[in-house]
Asks: 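To start, I am sharing the structure in question, which I have written as structure tokens.
We count ligands from 1, going down the list as the structure has it; atoms in each ligand are counted the same way.
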Amino acid sequence: MPESLSSKEVHQIKEELLSAVKALKGQVINHESLSVGINWERSQPAGDKMKVVSGNKEEQIKKFYLQMKDCKKCPLAKTRKNLVFGQGNPEAKIVFVGEAPGADEDEQGVPFVGRAGQLLTDIIVKGMKLSRQDVYICNILKCRPPGNRNPLPEEICECEPFLKKQLQIIAPRVICALGKFAAQTLLKTETPISALRGRFHDYEGIKLMPTYHPAYLLRNPSAKKPVWEDVQEIMKEIGLD
Ligand code: URA
């Protein structure tokens with residue numbers, strides 16, 4: 001052991017500690033968001049409209065997470081810090097499906113917590129008058145593609161069954177597919193998102209509304225209007241209008 005550490009070594013140790021704490025925090029949040037100890041009554045700003053009942057789905061989703069959380073089916077397992085399973089209410093009437101975790105999500109193990117996530121949270125909280133715990137949020141890929149590159153077809157192929165199972169357990173009234181990857185993957189189409197959005201499609205008997213991804217809205221604020229129209233259609237469908 002050296003008697004004193006150089007400032008570079010101290011910095012490196014600090015970075016490693018910080019990263020370990022963040023990863024641990026992610027795992028704790030992931031565990032909590034699997035509804036262990038969540039007080040459902042706390043989060044019902046929409047009054048009785050979004051009736052939340054803690055039930056069997058909670059157990060099923062937790063069991064499923066425990067089964068898949070150490071997934072090594074694709075090389076993203078080697079580069080991820082945290083697997084990002086999903087967050088929210090397994091009894092939700094609406095599930096938002098994004099593309100894949102980014103750096104913030106990978107760090108914390110929670111979907112949509114970066115800048116795009118803040119925008120999605122605004123849509124849910126300010127627009128729909130719900131909380132993130134009233135809905136369920138997840139992604140097509142559960143692990144971050146390095147450098148935020150697009151998901152590869154083989155990654156989607158390995159990971160999609162996890163999403164399918166989540167959706168089977170939750171069985172929401174509506175799925176909102178955020179962006180091209182989510183919409184095209186779930187609907188098995190190459191039609192552009194601009195042509196898919198604005199109307200409901202069928203996903204295994206569940207109504208699916210494609211809309212633009214929040215990250216796209218950050219670059220193209222004028223697309224907020226059509227997204228709000230799509231969200232209003234969803235609200236009508238689940239009785240929140
Ligand atoms: N973009 C996504 O598609 N998903 C996330 O979880 C974050 C950003």
Asks: Ring centres under 6.0 Å, that's the criterion: do His213 and Phe96 meet it?
Replies: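 For His213 and Phe96, the ring centres are not under 6.0 Å apart.
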Asks: What pair of heavy atoms forms the shortest contact from Leu76 to Arg149, and how long is it?
Replies: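 Between these two residues, the closest heavy atoms are CD2-NH2, 3.8 Å.
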Asks: Checking contacts here: is it the side chain or the backbone of Glu99 that comes within 4.0 Å of ligand 1, counting heavy atoms only? Could be both or neither.
Replies: both
Asks: So, are Glu58 and Lys62 salt-bridged, with charged N and O less than 4.0 Å apart?
Replies: no
Asks: Within the 4.0 Å heavy-atom shell around His213, which atoms of ligand 1 are there?
Replies: 1 (N), 2 (C), 3 (O)
Asks: Check Ala100 against ligand 1 and report side chain, backbone, both or neither, counting heavy atoms closer than 4.0 Å.
Replies: backbone
Asks: Any salt bridge between Lys207 and Glu237, counting N to O under 4.0 Å?
Replies: yes
Asks: Between Asp106 and Arg80, does any NZ, NE, NH1 or NH2 come within less than 4.0 Å of an OD or OE carboxylate oxygen?
Replies: no
Asks: Considering non-hydrogen atoms of the protein only, which is the closest contact for atom 4 (N) of ligand 1, and what is the distance?
Replies: Asn139 OD1, 2.7 Å
Asks: For ligand 1, which atoms, with element, lie under 4.0 Å from some heavy atom of Pro111?
Replies: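 What qualifies from ligand 1 is 6 (O).
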Asks: With a 4.0 Å cut-off on N to O distance, would you call Lys188 and Glu160 a salt bridge?
Replies: yes
Asks: Within less than 4.0 angstrom of ligand 1, does Gly114 place any heavy atom?
Replies: no
Asks: Quick check on contacts: which atoms of ligand 1 are under 4.0 angstrom from a heavy atom of Gly98?
Replies: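 Heavy-atom distances to Gly98 below 4.0 Å select 3 (O).
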